[in-house]
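Encoded as structure tokens, the structure appears first; notes follow it.
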Amino acid sequence: MKAEKLIEMEDKYGAHNYHPLDIVIKKAEGIYVEDVAGNRYMDFLAAYSAVNQGHCHPRLLKALRRQAAKVTLTSRAFRNDQLPLFCKEISELTGYPKVLPMNSGAEAVETAIKASRKWGEKVKGIKKNKAEIIVCADNFHGRTTTIVGFCTEDQYKDGFGPFAPGFKIVPFGDAKALEAAITKNTAAFMVEPIQGEAGINVPPKGFLKKAAKLCKDNNVLFIADEIQSGLGRTGKMFAFEHEDVRPDAVIVGKALSGGFYPVSAFLSSVEVMDVFNPGDHGSTFGGNPLGMAVAREALKVLVDEKLVENSNKLGPWFMDKLQNLEFKSIKTVRGRGLFIGLVLDRPARPYCEALMAEGILCKETHENVIRFAPPLVISRKELNTALRKVKKVFKKLES
Ligand SMILES: *Cc1c(COP(=O)(O)O)cnc(C)c1O
């Protein structure tokens, strides 16, 4: 079917909760996607870093097929033979002793909120219903009503109230403000080590270290939301490693399944995870054997193909090239690894549309930022090709 027809159909029958670029993708492989007319594009968004392993990775496809033919869902009323292996493997890979798998990222964030509050009450001794969680301005942790309730983006909240109490917001990167916000009722500080949706905001050097120390000194859990920044995106397995800190708990999702199937997880210490007792929390699909088999393979691909190393090697090189571009619209370039934001002094959407016409798929974030976050399987040669096209587009739009 033609793109126009499909777009019209989606418009008519679908909810209008997104404003996508008008490309209708019908298949994809590695860093490339193909639209219904047969045009090929380089994907520089990688489904918000959910396809770090590249689209339709053959090993993931195989794992999915193999498991789908055996058993897909047992619910946690019964056990399955994939969940224990997943928990053991991700625990050994990350060093976190306990694992609770969920499906979407937002559900894993909700799990972190529940764990923090319950730890606050049962272990720290905060009075019932008084536990507070500190988060940062410009955060993005998902779209449930609780989560949008503590975001600072008006549109994400508009019309969806009333919201859950118990959250305090401090400026991102401001350790002094964090210190001032901590009280005896603070159970946790939850933060993205690099804010993705806010436009690839890298905190000032030393912030994570200071935050970790403040949390430790005040018996507050330090929780890193690595759903987007984790699993190699920034050139380390986790973005918090850039500051050599060790959060008490980590939230992962997106690339955890390489784009095949929604799998997320909350990783923590034994002390924190042990607040959950049978019946306290759950999910019908969480920990299902199909998701677990895919996630196991997705993690193995990250390691076997050295994708973290590739991001660490090519990211700084690509960022340097972007920093050397001389166009008056470019204010700054920021990021880490292959997690890069090109900050413009004007709306980024026309640039994204022009890049698409050149065969590069990017999406503007926060009006003025173009995010470059291709699958981590990308090569230097492909980045060079992309760079040439970026130059061409900027030249054209600014002449
Ligand atoms: C995408 C994202 C989420 C939400 O994940 P969903 O799977 O969309 O629910 C949460 N936190 C961060 C940092 C994200 O980038």
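Ligands are counted one by one from 1 in listed order, and the atoms in each one are counted from 1 as well. Keep in mind that the numbers below use all heavy atoms, side chains included, and drop hydrogens, waters and symmetry copies. Remember, predicted model here, so these are calculated numbers, not experimental data.
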Find all atoms of ligand 1 within a distance of less than 4.0 Å from any non-hydrogen atom belonging to Ser104, and give their numbers and elements.
->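 Atoms satisfying the 4.0 Å criterion: 7 (O), 9 (O).
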With a cut-off of 4.0 Å, which atoms of ligand 1 are near a heavy atom of Ala106?
->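 Listed by number with element: 4 (C), 5 (O), 6 (P), 9 (O).
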Spatial distance of atom CZ (Arg65) from atom CG (Leu60) [nearest 0.5 Å] |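 Arg65 CZ to Leu60 CG: 12.5 Å, rounded to 0.5 Å.
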Provide the closest heavy-atom pair for Val308 versus Met237 in the form atom of the first, atom of the second, distance.
->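 Minimum heavy-atom separation between Val308 and Met237: CG1-N, 3.5 Å.
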Closest heavy-atom pair and its distance - Glu107, Ser283 =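 What the structure gives for the nearest pair is OE2-OG, 4.1 Å.
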Which of the listed options, Gln195, Lys254, Gln228, holds the heavy atom that is closest to atom 3 (C) of ligand 1?
->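 Going through Gln195, Lys254, Gln228 one by one, Lys254 has the nearest heavy atom to atom 3 (C) of ligand 1.
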Ligand 1 N/O within reach of Ile227 N/O, cut-off under 3.5 Å =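 Among all N and O atoms of Ile227, none is under 3.5 Å from an N or O of ligand 1.
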Short N/O distance, under 3.5 Å, between Val109 and ligand 1?
->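 No.
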Atom 11 (N) of ligand 1: which protein heavy atom is closest, and how many Å away?
->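 Result: Asp225 OD2, 2.7 Å.
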For atom 6 (P) of ligand 1, what's the nearest protein heavy atom and its distance?
->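 Of every protein heavy atom, Gly105 N, 3.4 Å lies nearest to atom 6 (P) of ligand 1.
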Just let me know how Phe140 lines up against ligand 1, side chain, backbone, both or neither, with a heavy-atom cut-off below 4.0 Å.
->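 Near ligand 1, Phe140 shows its backbone as well as its side chain.
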Under-4.0 Å heavy-atom contact with ligand 1, by part of Glu192 that carries it |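 Just the side chain.
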Glu197: heavy atom below 4.0 Å from ligand 1, yes or no?
->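 Flag not set, Glu197 not near ligand 1.
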Can you tell me if [X] and [Y] form a side-chain donor-acceptor pair at under 3.5 Å?
X      : Y      : result
Arg233 : Ser49  : yes
His366 : Glu153 : yes
Glu297 : His57  : no

Kindly say whether Asp345 contributes a backbone atom to a donor-acceptor pair with the side chain of Ser329 at under 3.5 angstrom?
->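 Side chain of Ser329 to backbone of Asp345: no pair is present.
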Given the protein's heavy atoms, is any one of them under 4.0 Å from atom 8 (O) of ligand 1?
->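 So atom 8 (O) of ligand 1 lacks protein heavy-atom neighbours under 4.0 Å.
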Using a 4.5 Å cut-off on heavy atoms from C-beta on, say whether the side chain of Gln82 contacts that of Arg296.
->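 Arg296 reaches Gln82 side chain to side chain.
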